[in-house]
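Data first, discussion second: the structure below is written as structure tokens.
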Number of protein chains: 2
Amino acid sequence: MGLDVERLRVLVEVVHAGSIAAAAKRMGFTASALSQQLAKLEREVGDRLVDRGPGGVRPTATGELLVRHGERVLGALHDAEEAVRGARRLPREHLSVGTFASAGKALVPTALATFRRAHPQVRLTLLDIEPPDGYGLVTSGDLDLLITHRYPDVPLPPATGLHRAHLMADPLRLVLPTGHRHAGTDRLTLAGLATDEWISGGPGVPNRVALDGTARRAGVELRVSYETRDYAVTLALVSAGIGVAVVPGTTLRSAEPGDYVVRDLDQPIARDIFLVHRPRPRPPVSDMVARLQGVA
Amino acid sequence: MGLDVERLRVLVEVVHAGSIAAAAKRMGFTASALSQQLAKLEREVGDRLVDRGPGGVRPTATGELLVRHGERVLGALHDAEEAVRGARRLPREHLSVGTFASAGKALVPTALATFRRAHPQVRLTLLDIEPPDGYGLVTSGDLDLLITHRYPDVPLPPATGLHRAHLMADPLRLVLPTGHRHAGTDRLTLAGLATDEWISGGPGVPNRVALDGTARRAGVELRVSYETRDYAVTLALVSAGIGVAVVPGTTLRSAEPGDYVVRDLDQPIARDIFLVHRPRPRPPVSDMVARLQGVA
DNA sequence: ACGGGAAGTAAGGAACGCTAATGGGACTGG
DNA sequence: CCAGTCCCATTAGCGTTCCTTACTTCCCGT
């Protein structure tokens, strides 16, 4: 049995894109071509790789397995290509960075700006990637650098074959409406806020998991009455006096002002921000890493 | 730029085989096909990858670089194929082991025999590989297990991405003609044999490097008058009274008897024997590893 | 019930890669 | 010194593969 790498690439792209049509657009082919290649791959493997559903496809267990391996193959191929570029003394002219939304607003722009000034010939690509996704794209070489985070009580995804460095701790701070009864207090406890209405993500969303875990350890049960994963919405709700919330410090730094005040917990909690990239990064990637570490 | 994996495979096979014709035979193609693929790859890379010479080809610096990367790509592809086999609950039916010549005679056969009894359905392939070669074949997945050695004073090749475990120390023992003036002594020094004619490998051959290094540290200079890398020849020469030599213990265990006696140095030296395989070996490989460790 | 979007099927054409055949260059033995 | 041999490069031609176009099917939301 000999797997075809181009067919593996099709599988990986299709699963990453979430649908055959979207992957076809990315790759510059017709959806029919990808559909046929995928079908042929399934015949060769002897097992279904994706479940076809309306609005796209989802990988089966075998498909997931093969995607993980395919990403490694593509990553090794990517390394080979970069090696020959290096041997010909051709500098890389492209750098793609994936970030989660809130970092994209605060931390990343300043680093990107100085990088752009220093390397005007390097074309930058920025991609929104919400944790815990994105590791596969780094493995396959589609992404040179991933900026991701992990909230407390949320497991950290495995980074097999990748390099992951802690960039900074991003403290989660309390946000209260200006007229809140504790607005004048500097350091608050969760217990003192147990009667408030909370605003957080839905069940399973990282910031909700972290909030619930911290509350449980403090012996408090919080009532989350409003669920949103968008911090801009969260702040608007707080400003309207609807409830209280915890919001990352970096997000607050670049947020619109509003009718809220920022306070801290007596037992500080923080989300950790990580940089993920392939081992032994070369100049363009390593330079960006250094700039981000400088900003943090 | 997008490298073609099949062309990379051609390059890797050609360099491993040492000639286009030999690689073509192994791969079941004509030499012409490989020549064309190789030429096309060189055009794509924009650099020569092999130096064509009479009697075969040798990789250029760029070629060597690309072979190393190609081996990783092929290894990742190999892993993917093994993963789908595993997902379909199909056991591996093939195992290829590479060994250096002297291990092939002593250490390996007993391990192979018990393995064969335990797994009669697994087809075994044995390949002669002289150190320090063979690492690339393990990386690319052509070889499941490599039994290799390192003589003192010889650098150990890097095992990037591979697992290397020390199997045993193989002491180098003195072999003297039966009538030698020190044949009655149990433990000898190199200084006491400085006036003898020595039999060893040519310059650069591992056992020669080890012998010279040991002598240098002992402050002795030895005269190597007969050069051969074949231990059977060495023993025949010693039996004929031509000179003295050091020979690995495992080799002596399976050697023909002759007119020689075996003694030891007061400062024992030994070559180290290693097992090399890919990380996280699965049942058929790991079982063979266990058997070899049991024998040692 | 109907329009839109996504995946699958069928048929044609273009491109790619292999084989076979030919020629050239270098070492070997007479 | 020349014939023989081995290995590699090139060219011509053919077969296969794979992509596109066009059409069908299925599911959802309006």
Side-chain angles (χ1 to χ4, degrees), chain A residues 1-60 62-64 66-67 70 73-74 77 81, chain B residues 1-60 62-64 66-67 70 73-74 77 81:
Chain A
M1 183 202 37
L3 290 175
D4 184 304
V5 173
E6 292 312 308
R7 283 197 258 277
L8 268 187
R9 187 196 304 277
V10 168
L11 172 67
V12 169
E13 290 278 353
V14 165
V15 171
H16 282 167
S19 85
I20 294 181
K25 187 174 296 181
R26 258 185 61 84
M27 299 177 77
F29 291 135
T30 59
S32 174
L34 268 61
S35 175
Q36 291 178 53
Q37 292 300 310
L38 202 50
K40 188 167 280 187
L41 183 60
E42 289 183 323
R43 237 174 301 142
E44 288 168 354
V45 168
D47 201 353
R48 311 229 5 204
L49 297 174
V50 295
D51 282 329
R52 278 79 168 169
V57 299
R58 292 176 49 79
T60 64
T62 309
E64 194 101 49
L66 204 48
V67 165
V73 174
L74 296 177
L77 192 54
E81 291 169 2
Chain B
M1 185 203 37
L3 290 176
D4 184 303
V5 172
E6 293 312 308
R7 282 197 260 276
L8 268 186
R9 187 195 305 277
V10 168
L11 172 67
V12 169
E13 289 279 352
V14 164
V15 171
H16 282 166
S19 86
I20 294 183
K25 187 174 293 180
R26 257 184 63 84
M27 299 178 76
F29 291 134
T30 60
S32 172
L34 267 62
S35 176
Q36 291 178 56
Q37 293 299 309
L38 202 49
K40 188 168 281 189
L41 184 58
E42 290 183 323
R43 237 173 301 142
E44 288 170 353
V45 169
D47 202 352
R48 310 226 9 201
L49 296 174
V50 294
D51 282 327
R52 278 80 169 171
V57 298
R58 293 176 49 77
T60 64
T62 309
E64 195 101 48
L66 204 47
V67 165
V73 174
L74 295 177
L77 192 55
E81 290 168 2

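Residue numbers begin at 1 in each chain, while the letters A, B, ... track the order of the sequences. No hydrogens, no waters, no symmetry mates; every other heavy atom, side chains included, goes into these values.
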Open item on the list: Should the side chain of Ser32(B) and the base of dA20(C) be counted as holding a donor-acceptor pair, with the cut-off at 3.5 Å?
Closed with: yes
Open item on the list: Considering every strand and a 4.0 Å limit on heavy-atom distances, what is the contact class for Glu6(B): base, sugar-phosphate, or nothing?
Closed with: nothing
Open item on the list: Without decimals, in angstroms, what is the distance between Arg9(A) CZ and dC18(D) P?
Closed with: 14 Å
TODO: To the nearest Å, give me how far apart CG (Leu34(B)) and P (dT10(D)) are.
DONE: 15 Å
TODO: Please report, rounded to the nearest Å, how far the C1' atom of dC19(D) is from the CG atom of Leu38(A).
DONE: 16 Å
TODO: Write down the distance between CZ (Arg52(B)) and C1' (dG25(C)), rounded to a whole number of angstrom.
DONE: 14 Å
Open item on the list: Nearest heavy atom decides the nucleotide; on that basis, is Ile20(B) or Ala33(A) closer to the 5' end of DNA chain D?
Closed with: Ile20(B)
TODO: Over all heavy atoms of both residues, which pair between Leu34(B) and Ala24(B) is shortest? Give the atoms and the distance, please.
DONE: CD2-N, 3.4 Å
TODO: With the side chain of Arg7(B) defined as its heavy atoms from C-beta on, choose the nearest nucleotide among dG17(C), dA7(C), dC18(D).
DONE: dG17(C)
Open item on the list: What's Ala31(B) touching, base or sugar-phosphate or nothing? Going by heavy atoms closer than 4.0 Å.
Closed with: nothing
TODO: Considering non-hydrogen atoms only, spot the tightest contact between Gly56(A) and Ser19(A) and give its length.
DONE: CA-CB, 3.8 Å
Task: Value in whole Å for how far the C1' atom of dT17(D) lies from CD of Gln37(A) - done: 9 Å
Task: Closest nucleotide among dA9(D), dC8(D), dT9(C) to the Ser35(B) side chain - done: dA9(D)
Open item on the list: Strictly below 4.0 Å, N to O, side chains only: are Glu42(A) and Arg52(A) in salt-bridge contact?
Closed with: yes
TODO: Check for a donor-acceptor pair, side chain of Gln37(A) on one end and backbone N or O of Val10(A) on the other, with a separation under 3.5 Å.
DONE: no
Open item on the list: Using OP1 and OP2 only, check whether a side-chain N or O of Lys40(A) sits under 4.0 Å from dT17(D).
Closed with: no
TODO: Calculate the interatomic distance between Arg58(A) atom CZ and dC27(D) atom C1'; express it in whole Å.
DONE: 17 Å
Task: Donor-acceptor under 3.5 Å (Thr60(A) side chain, Arg48(A) main chain) - done: yes
- [ ] Among the candidates dC18(C), dC18(D), dC8(D), find the nucleotide nearest to the side-chain atoms of Asp4(A).
- [x] dC18(D)
Task: Thr30(B), nearest nucleotide to its side chain (from dA7(C), dA9(D), dT19(C)) - done: dT19(C)
Task: Any donor-acceptor N/O pair under 3.5 Å between dT19(C) base and Gln36(B) side chain - done: yes
- [ ] Specify the separation, in whole Å, of atom CZ of Arg48(B) and atom C1' of dC8(D).
- [x] 12 Å
Task: Euclidean distance, atom CZ of residue Arg43(B) to atom C1' of dA9(D) [Å, nearest integer] - done: 12 Å
